[in-house]
Amino acid sequence: MKPWVRWLWIGTAGAAAGVALFGYRYASSDGQLWLVVLLASVVGVAAPIALAGSLRSGDSRARRRLEVVGDKLVLRHQRRMQVACVPSGISGAVANVAVLQISTNLVYRSGAVVAAVAALALAWYGSMALVRRPCTVLSPAGVRVRGDIFDAELGWDELVAVRVEESPAGLRVVGVPGASSYSWRRVRGVVPLYGRPGEGSIFLYDFTYDRPGVVAEVMETLARLAPERRAEYLLGPAVALLRGDHETSQQS
């Protein structure tokens with residue numbers, strides 16, 4: 001299971017639990033509130049599934065997310081996971097608040113409190129990540145990442161490799177041990193849904209880029225080039241590769 005899918009299911013666990021409670025207590029006099037639990041549960045589970053199915057990667061989206069700013073390339077990250085976190089978290093919180101209003105069982109109420117807090121944290125993470133507008137900036141000097149919960153950077157001269165990994169799925173940028181140009185810092189106020197990467201590396205999950213393999217190729221090429229040639233490559237071949245212009249011309 002991909003990391004962002006797993007996180008979404010964790011975030012909607014409270015809402016899904018509402019379905020079971022609904023079946024157990026539907027015959028009670030509080031039927032209207034249990035209907036709220038059921039509807040919120042359905043929304044919480046359906047939102048990530050619908051977004052995962054509708055927001056697919058493609059060259060058209062890759063083109064829209066690539067921006068040339070001076071001698072830099074700005075790659076806007078995909079935000080489907082963050083978008084799904086907001087309705088999932090809110091609906092999970094609503095479902096569990098409704099459970100608190102209905103149930104007198106201490107176990108149910110304790111579980112509902114924990115699940116409601118977790119759901120609100122998930123919604124807060126999604127909202128803050130959307131506000132940050134995550135992106136990767138490729139410049140002649142190096143790579144700088146404005147992530148969903150972190151900021152990081154690394155110079156090309158100290159980059160060792162860029163790997164597309166499968167478990168967890170994503171792109172890992174690796175620098176030399178003790179790289180002076182490397183930094184990674186978590187952003188305050190954002191729920192840390194995942195931990196710090198290994199020392200000297202930057203990890204971007206698979207929902208970040210439309211075409212991670214191409215991004216890796218561009219980064220590795222920049223690391224191999226002489227410093228005076230990087231700006232020319234960025235504004236020429238790199239743009240064509242990231243936009244898929246080469247593939248488009250071959251297909252036509």
For [X], does the [atom1] atom sit with more than 12 other heavy atoms under 6.0 Å from it, leaving out its own atoms?
X	atom1	result
Arg196	CZ	yes
Arg230	CZ	yes
Glu228	CD	yes

Please say yes or no: joined through hydrophobic side-chain contacts below 4.5 Å, possibly via intermediate residues, are [X] and [Y] part of one cluster?
X	Y	answer
Val145	Val137	no
Leu204	Val160	no
Trp124	Val114	no
Val173	Val74	no
Tyr205	Met128	yes

Between [X] and [Y], which heavy-atom pair has the shortest distance, and what is it?
X	Y	result
Ala238	Leu73	CB-CD1, 3.9 Å
Arg185	Glu153	NH2-OE2, 4.2 Å
Ser181	Gly155	OG-N, 2.8 Å
Ala129	Pro134	O-CD, 3.2 Å
Phe203	Ala169	CZ-O, 3.8 Å
Ser201	Trp184	O-CD1, 4.2 Å

Can you find a pair of side-chain heavy atoms, one from [X] and one from [Y], that are under 4.5 Å apart?
X	Y	answer
Thr136	Tyr209	yes
Gln78	Asp210	yes
Arg211	Leu241	no
Arg79	Arg133	yes
Pro140	Leu234	yes
Ile149	Val187	no
Val176	Tyr182	no
Leu171	Thr208	no

Any chance you could measure [X], atom [atom1], to [Y], atom [atom2], to the nearest 0.5 Å?
X	Y	atom1	atom2	result
Leu138	Arg144	CG	CZ	10.5 Å
Arg65	His77	CZ	NE2	10.0 Å
Ile90	Leu122	CD1	CG	10.0 Å

| query | What pairs with Tyr233 under ring pair (Phe, Tyr, Trp, His ring centres under 6.0 Å), at least two apart in sequence or on another chain? | reply |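 None.
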Do side-chain atoms of [X] reach the backbone of [Y] as a donor and acceptor pair under 3.5 angstrom?
X	Y	answer
Glu165	Arg172	no
Arg132	Gly147	yes
Trp156	Met219	no

| task | Mind checking salt bridge (charged side-chain N to carboxylate O under 4.0 Å, His left out) for Arg109 and listing every partner two or more places apart, or none if nothing turns up? | result | none
| task | Would you check, one step at a time, whether the test side-chain contact (heavy atoms from CB on, under 4.5 Å) holds for Ser180 with Glu158? | result | CA-CA 8 Å; Ser180 60; Glu158 296 184 301; 3.4 Å; yes
